[in-house]
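None of the values given here were measured: they were computed from a predicted structure.
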Amino acid sequence: QTFEKLLVANRGEIACRVIKTCKKMGIKTVAIHSDVDANAVHVKMADEAACVGPAPTSKSYLNMDAIMEVIRKTRAQAVSLNESICCSWLLIFSLLPKLKPSLSLQASEGVTFIGPDTHAIQAMGDKIESKLLAKNAKVNTIPGFDGVVKDADEAVRIAREIGYPVMIKASAGGGGKGMRIAWDDEETREGFRFSSQEAASSFGDDRLLIEKFIDNPRHIEIQVCVILADKHGNALWLNERECSIQRRNQKVVEEAPSTFLDPETRRAMGEQAVALAKAVKYSSAGTVEFLVDSSKNFYFLEMNTRLQVEHPVTECITGLDLVQEMIRVAKGYPLRHKQADIPINGWAVECRVYAEDPYKSFGLPSIGKLSQYQEPLHLPSVRVDSGIQQGSDISIYYDPMISKLITYGSNRAEALKRMEEALDNYVIRGVTHNISLLREVIIHPRFVQGDISTKFLPEVYPDGFKGHKLTDLERRELLATATSLYVAEQLRSQRFLGTQRIPLAKSQRNNWELCVNLEDGVYPVVVSKNSSSFSVEVDGMKLNVTSEWNLASPLLSVTIDGTARTIQRLSRDASGNLSIQFLGTVYKLRILTKEAAELSKYMPEKAAEDTSSILRSPMPGTVVAVSVKPGDTV
């Protein structure tokens, strides 16, 4: 017996996750939403729903007056306030100092907040205070300045004392917001200005701290570390998560366990994480993050007093439902498990699927409507945590995360193979997404070997991500698949309800001479039909392509000389232009008959647009400053 009704003060995939667990536990739920989220999935899933304001997060999901009013009206007994609000990774707990008067209503109104108490949240939500507490609890910490940096001049002085490079961080920050690396005095001044502006905008708190930047580390957590603590003095560490694949200090790929840790280091990190949790009388699920260098020295980074986005991989290898455990602890029940009961069963990998363009700085946000959306749940050992559906809008107001895609296997190789298949079978249309980047990361030899760090992306792709680079065999497979698809569609267009449109027409052709433009090359291809398969000659080599050729399906499974592939045809037009998602990357081809290709050289080419006098934003956003005026030299 826990609660009869719980208010879910989140949005997106975590709100859906909490509601699912509540349904399993027999708890009724109340969803809050902004006006633009009125038709969101979490709103439809909940038993009740209430609008708490307009789209901006500060006026809706962080509008505590409106939320408390909903609590009073619905008579909710508990409130889930423990996860990051998906709006530019704004963390709701960062505003808790302002919420203290509201939280004092807990006793008078009988409302229980799912998560740790106010003291633990305030202490761990402030990076400066949390670092001091960690030192006192004998937790390894990164060298740095433990106070608040007042201005840019003081920032430069402190950076020189610590020694470059340094990391400038927002004290109330999280999710990579308000963080800058500085390698000299000029970058320190610039970093102080930008970080303080971003921190004030994102968290309502412009305080900054400076610490030594550990070059080329791994980012490992313990839940390396999930902490699960109750109100009876018990605490567990639930093994580690490897979160080193990042861009802009935000995680992209996570896995559990880590390939890097040995049992001794794992235990040491876990015990220090538990010591910190007990020092602040922590009572809920939380995550202690560490940076680990190449010698397995580890340093406290921060403690997140909430359920992390990447918690599913921990659930997969331990078998625990962390949301259910948090609700039980909040009600006052003791933990049901001992440290010796916590296993590492198998391996789990999570990819964060974003509406982002991976070709721009490894992922600049994209907006739009999901015109077609199909999760790969037909595959074994695949889990998708999402808060969207077909028809949902990815807007400028909230974080562009589409979902968390999780695969599980008995070992790492099996989990990665299932992730590769899941990414190929994930249908997302209407917005640009980062599946191509995710797929390239998980198949890269360095990642497969476990040779990773937080610098993985810039080291592997120093000139930026360019998509999958086709080998000669893969190029032939793509050409064979695309031309077979082209011919299959030509044959279908000649038939009507299973019969030829013109019964007296000549017998069907069996050979097609085609010309294909792919990237910078032009390739002659000959396609021959044999029953339900096609024989395709490319570069003097013959390939056999078979499929059911269900051209109405967004996914097409083909077999090329015994190799199974899943492709997606994204677009086509009457001019022979075709877009195909193959091995995660979208390729643009142009397929013409031999005769049409010979005549196409007489067609005039459209002149490229002159953009020399145009300044275009690479992503949607708000102009916060114009730092020039007429007459300035730029």
Side-chain angles (χ1 to χ4, degrees), residues 353 370-380 382 384 390 405 407 417-433 435-436 438-440 443 467-468 470-471 473-495 498 512 514 516-519 523 525-538 542-592:
V353 181
L370 288 166
S371 57
Q372 195 168 13
Y373 182 74
Q374 182 176 307
E375 296 173 349
L377 295 175
H378 60 286
L379 300 174
V382 172
V384 182
Q390 187 162 302
L405 177 64
T407 57
K417 183 62 180 176
R418 285 174 172 166
M419 179 60 74
E420 187 180 337
E421 294 175 12
L423 290 168
D424 284 340
N425 282 269
Y426 207 147
V427 178
I428 304 172
R429 311 280 171 84
V431 297
T432 304
H433 54 75
I435 280 180
S436 56
L438 296 173
R439 195 183 190 282
E440 285 302 292
I443 66 171
H468 182 72
L470 294 169
T471 64
L473 175 60
E474 290 169 346
R475 176 178 54 80
R476 288 192 290 269
E477 288 181 353
L478 175 57
L479 292 171
T481 303
T483 52
S484 296
L485 182 60
Y486 172 86
V487 172
E489 192 150 41
Q490 293 294 312
L491 293 174
R492 187 184 69 164
S493 67
Q494 296 173 9
R495 305 183 70 83
W512 290 262
L514 304 173
V516 185
N517 291 70
L518 172 62
E519 295 175 332
Y523 305 93
V525 178
V526 179
V527 181
S528 303
K529 188 175 188 309
N530 299 314
S531 184
S532 61
S533 65
F534 293 98
S535 176
V536 183
E537 185 176 339
V538 186
K542 285 193 175 182
L543 294 88
N544 190 60
V545 183
T546 59
S547 174
E548 293 182 0
W549 304 112
N550 181 2
L551 303 182
S553 172
L555 295 170
L556 188 64
S557 297
V558 299
T559 302
I560 311 154
D561 281 352
T563 301
R565 302 285 191 194
T566 300
I567 69 164
Q568 299 183 38
R569 185 184 62 180
L570 305 181
S571 66
R572 66 181 179 88
D573 63 26
S575 301
N577 295 306
L578 187 68
S579 291
I580 290 180
Q581 184 173 310
F582 178 74
L583 301 177
T585 296
V586 177
Y587 295 94
K588 297 184 182 298
L589 304 94
R590 191 181 188 195
I591 304 176
L592 299 173

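Across S484 and A480, no two heavy atoms sit closer than the pair OG-O, 2.8 Å. Scanning all heavy atoms of the two residues, the minimum distance from T566 to S557 falls at OG1-OG, 4.1 Å. When all heavy atoms of Q374 and P554 are compared, the closest pair comes out as OE1-CG, 3.7 Å. Among all heavy-atom pairs drawn from K542 and S535, the shortest one is CD-OG, 4.0 Å.
Here the CD-CD1 distance, from Q490 to I591, works out to 9.5 Å after rounding to the nearest 0.5 Å. For the atom pair L583 CG and E420 CD, the distance stands at 8.0 Å (nearest 0.5 Å). Once rounded to the nearest 0.5 Å, the distance linking CG of N517 with CG of L592 reads 7.0 Å. Atom OG1 of T546 sits about 11.5 Å away from atom CG of N530, to the nearest 0.5 Å. Considering CD1 of I580 and OG1 of T585, their distance stands at 13.0 Å, rounded to 0.5 Å. With rounding to the nearest 0.5 angstrom, the OG atom of S575 is 6.0 Å from the CZ atom of R590.
Residue pairs meeting the salt bridge (charged side-chain N to carboxylate O under 4.0 Å, His left out) criterion with at least one member in residues 555-583, sequence neighbours excluded, are E477-R565, E489-R569, E489-R572. Listed by first then second residue, pairs satisfying ring pair (Phe, Tyr, Trp, His ring centres under 6.0 Å) with a partner in residues 543-576 read F534-W549, not counting sequence neighbours.
A donor-acceptor distance shorter than 3.5 angstrom exists from the side chain of Q390 to the backbone of Y373, with no hydrogens or angles considered. A donor-acceptor contact shorter than 3.5 Å links the side chain of T471 to the backbone of E474.
Looking only at side-chain heavy atoms (C-beta outward), L491 and W512 come within less than 4.5 Å of each other. At a threshold of 4.5 Å between non-hydrogen side-chain atoms, the residues L478 and L470 count as touching. Residues Q581 and I567 form no side-chain contact, since every pair of their non-hydrogen atoms from C-beta on lies 4.5 Å or further apart. For the pair I560 and N544, the minimum side-chain heavy-atom distance is 4.5 Å or more. Looking only at side-chain heavy atoms (C-beta outward), P376 and L405 come within less than 4.5 Å of each other. R439 places a side-chain heavy atom less than 4.5 Å from the side chain of D424. The shortest side-chain heavy-atom distance between H433 and Y426 does not fall under the 4.5 Å cut-off. Using a 4.5 Å cut-off on side-chain heavy atoms (C-beta onward), L438 and V353 make contact.
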Test V536 against L479 for side chain to side chain contact (heavy atoms under 4.5 Å, CB included), laying out the working first. CA-CA 9 Å; V536 183; L479 292 171; over 6 Å; no
Take F582 and Q568, measure what side chain to side chain contact (heavy atoms under 4.5 Å, CB included) needs, and give me the verdict at the end. CA-CA 7 Å; F582 178 74; Q568 299 183 38; over 6 Å; no
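Listed by chain and residue number, L570, S571, V586, K588 satisfy the side-chain contact (heavy atoms from CB on, under 4.5 Å) test with S579 (two or more places apart in sequence, or in another chain).
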